[in-house]
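So that the names make sense, note that chain A is the first sequence line, chain B the second, and so on, each numbered from 1.
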Amino acid sequence: MEQEKTALEQNRLEKLNRLLAAGIQPYPTRAEVTHRSVDAIADFENREKQTPPGTEPEKVAVTLAGRLRSMRPMGKISFAHIEDGYGRIQIFFRINDLGQEQMDLFANEFDLGDYIQVTGYLFRTKTGEITLYVQSFIMLAKSILPLPAAKDEVVDGEVIRHATLNDPEVRYRQRYADLAVNPAVRHIFKIRAETIKALRQFLDERDFIEVETPILQPLYGGAAARPFTTHHNQLKQDLYLRISFELYLKRLLVGGFERVYEIGRDFRNEGVSYKHNPEFTQLEYYQAYADYLKIMDQTEQMVAYTAMQVLGKTKITYDGHEIELAPPWKRVEMREGIIEATGVDIALHTNAESLKAAMQAHGLKFNPNATRGKLIDGMLNEFLEPNFIQPTFVYNYPRDISPLAKSIPGDPQTVERFEGYIGGMELCNAFTELNDPLDQEARFLEMGRAYAADDEENNPLDEDYLRAMSYGMPPNGGFGMGVDRLVMLLTGNHSIREVILFPHLRSRGEE
RNA sequence: GGGCGAGUAGCUCAAUGGCAGAGCAGUGGCCUUUUAAGCCAUUUGUUGAGAGUUCGAUCCUCUCCUCGCUCACCA
């Protein structure tokens, strides 16, 4: 497993050993920091403003820590830049103050990537850059492995990276290195954190309570997906990693909570793609006495609120398109949308055979084994979804692909369900939840007939869920959204891997 | 799972059926306000792995691995 050390690594190990030999700790236990880089600079600028022109501001002791990002040793002086979690700042070494030994120590034993602690005071260089005049410094952590970015340059405050790390494989497998050298990547994950914070704020302000439900479940359900399975050794029990939170969250409505939400990880044992990762972050909420139209309104507000909180605007650019996230979003009734796109009126075809004949007559391809609902869903995915660049709700779904949604009064084949699309991508899914235990049981049994017995997507019948519903579940609206996809939209990324810190990759065949 | 493309130095990339290169990084030296610092000198390779064709393969062929794109799958 241990790989041969490169010359660069050998070199740094030798430096480390020389430090040890000189009695210098390469990894001291404690650090002292008085300022963040950006705060030190801001303080200095403030003091400059209060100082008469032509005179230097008073020297104030500052201790900073950070990672060495550039070094320009020039004999009797040296310049370098360090980067902390908030920005970067130039530091300046001069033999007059530090002595030959310290100058050599810095020039000979410090490398790019080392963590350093520097104490001194701020001044402006000839070129006007606010810089720390170093009076003392210590190693905080020696870097043995060189970071994979060669060099960078600061032009007008913008860091321009030359020959930056961009091999996606290395970037995802060694995300720490990616983050360390690519500030834009760090920015994505700050946006991600702010997105989740904004979603919480939105729901908290509306009296939702955040809950946590089991990830390890004896039965899986709430979505059509194949699960991951695992096993509890001592209990000798097979368990599934959840594919959704739905059935547990609705049990909580039975328990008397009127508004609950959960933000967490779902696991689906399916193919990976630019918009699918085996584990992904989902937001689900359930709201008593709401229906899907109420949820639809709330969805527009929530997404617009989040964009406003995170980006300060509701207009985003995605895939070259200007997208306006502010309400109202376009709303397309599914039947009408399909008629417009394909000429087929699904209302006229109440079974799969009839619908297939109609699709054939219109020259559409279809899976001959599909149910009516699957056929309709197929038309939606193929003919409608890619065109939903601007935020669009598609509503009123076929019942047989929506076993947990309530039918539209007077139209038993259609349920009160919608999905939200942005940028040609499904973002969320919601419905008026089915709360009739007798109907729910019938739906579960229907599913059992519709799918082959060995089809893992056919969720096992959850009798405990039916029992919960039998105690009485308030009518409610439920909502689920892929948080990763929202972050993709807000950060302009077209790959879900760019917005997941450690995306799933195939294991390397090493060892 | 199918199709297409890619894999060369630590990083970014060249190149050719005939000794594998550049910039940056590294190393040694000079340099007291630089900032992709500069100047001089210099090191670095299982060309993803394996096999085949060939006098000779990084290049052509095959298998495998990994990544990317795409299709399928994904209520």
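On the C1' atoms, B:rG68 is 50 Å away from B:rU32, given to the nearest whole Å. Rounded to a whole angstrom, the distance from the C1' atom of B:rU44 to that of B:rA6 is 25 Å. Look at the P atom in both B:rA22 and B:rU42: the space between them is 11 Å, to the nearest Å. With both ends at atom P, the span from B:rC64 to B:rG23 equals 40 Å, rounded to whole Å. The P atoms of B:rU58 and B:rG18 are separated by 11 Å, rounded to the nearest whole Å. Taking atom C1' on both B:rG56 and B:rG48, the two are 23 Å apart, rounded to the nearest angstrom. B:rC11 and B:rA25: their P atoms are spaced 15 Å apart (whole Å). Atom name P, nucleotides B:rG52 and B:rC59: the rounded distance is 14 Å, in whole Å.
With rounding to whole Å, A:K275 atom NZ is found 15 Å from B:rC69 atom C1'. Atom CD1 of A:I401 and atom C1' of B:rC73 are 15 Å apart (whole Å). Rounded to whole Å, atom C1' of B:rU33 lies 10 Å from atom OH of A:Y133. In this structure, CZ of A:R12 is placed 21 Å from P of B:rU43, rounded to the nearest angstrom. With rounding to whole Å, A:R226 atom CZ is found 14 Å from B:rA75 atom C1'. For the pair A:I89 CD1 and B:rU34 P, the interatomic distance rounds to 18 Å; values are reported in whole Å. Between A:D114 atom CG and B:rA25 atom P there is a gap of 16 Å when expressed in whole angstrom units. The separation between A:R173 atom CZ and B:rC65 atom C1' is 10 Å, rounded to whole Å.
Heavy atoms of A:F123 sit under 4.0 angstrom from at least one base atom. A:T125 comes within 4.0 angstrom of a base, heavy atoms only. Residue contacts for A:P403: at a heavy-atom cut-off of 4.0 Å it reaches a base atom on one of the strands shown. Residue contacts shown for A:R372 are absent, as no nucleic acid heavy atom lies under 4.0 Å away. Residue A:I95 is classed as a base contact, given a heavy-atom separation below 4.0 Å to a base. When heavy atoms are screened at a 4.0 angstrom cut-off, A:N96 is found touching base atoms of the nucleic acid. Residue contacts for A:Y397: at a heavy-atom cut-off of 4.0 Å it reaches no nucleic acid atom on any strand shown.
The partner of B:rG68, taking Watson-Crick or G-U wobble pairs whose two distances both stay under 3.5 Å, is B:rC4. Using N1 to N3 plus N6-O4 or O6-N4 for Watson-Crick, or N1-O2 and O6-N3 for G-U wobble, each under 3.5 Å, B:rG38 pairs with B:rC30. Taking a pair to require two hydrogen-bonding distances under 3.5 Å in either a Watson-Crick or a G-U wobble arrangement, B:rU54 remains unpaired.
Checking each of A:F388, A:Y421, A:F393 against A:W329 for a ring-ring contact (aromatic ring centres under 6.0 Å, His included) leaves exactly one that passes, namely A:F393. Shown are A:F106, A:F123, A:Y121, A:F137; of these, the ring-ring contact (aromatic ring centres under 6.0 Å, His included) with A:F92 is made only by A:F123.
A:I89 and A:S37 make their closest contact through CG2-CB, 4.0 Å (heavy atoms, listed as atom of the first residue, atom of the second, distance). Of all non-hydrogen atoms in A:T371 and A:A352, the two that sit nearest each other are C-CB, 4.1 Å.
Of the candidates B:rU66, B:rU27, B:rU33, the closest approach to any side-chain atom of A:R506 belongs to B:rU66. Closest approach to the A:M74 side chain among B:rA37, B:rU32, B:rA75 is made by B:rA37 (side chain taken as heavy atoms from C-beta onward). Of the candidate nucleotides B:rG10, B:rG68, B:rA75, B:rG10 has the atom nearest to the side chain of A:L8. Set against B:rC73, B:rU32, B:rU27, the side chain of A:R94 has B:rU32 as its closest nucleotide. Comparing B:rC69, B:rC67, B:rU33 against the side chain of A:S495 picks out B:rC69 as the nearest. Closest contact between the side chain of A:P148 and the listed nucleotides B:rG26, B:rC67, B:rC11 involves B:rC11. Across B:rA37, B:rC13, B:rA75, the shortest atom-to-atom separation from the side chain of A:N166 is found for B:rC13. For A:E169, counting side-chain heavy atoms from C-beta on, the closest listed nucleotide (B:rU70, B:rU33, B:rC67) is B:rC67.
For A:K374, a side-chain nitrogen or oxygen approaches OP1 or OP2 of B:rC74 to under 4.0 Å. The side chain of A:N11 contributes no N or O atom lying less than 4.0 Å from OP1 or OP2 of B:rG26. Distances shorter than 4.0 Å separate some side-chain N or O of A:R497 from OP1 or OP2 on B:rG68. Side-chain N/O atoms of A:R72 include one lying less than 4.0 angstrom from OP1 or OP2 on B:rA37. Between A:N108 and the phosphate of B:rG28, there is no side-chain N or O to OP1/OP2 separation shorter than 4.0 Å.
The base of B:rU34 sits with one of its N or O atoms less than 3.5 Å from a complementary donor or acceptor on the side chain of A:Q90.
The structure places CD of A:E279 at 8.0 Å from OG1 of A:T281, a figure rounded to the nearest 0.5 Å.
Using modelled atom types, one finds no donor on one side chain facing an acceptor on the other under 3.5 Å when comparing A:R242 with A:Q282.
The salt bridge (Lys or Arg N to Asp or Glu O under 4.0 Å) analysis of residues 419-437 of chain A, with sequence neighbours excluded, yields the pairs A:K250-A:E433, A:R417-A:E419.
Note on A:E109 versus A:K15: no salt bridge recorded, every NZ/NE/NH1/NH2 to OD/OE distance being 4.0 Å or above.
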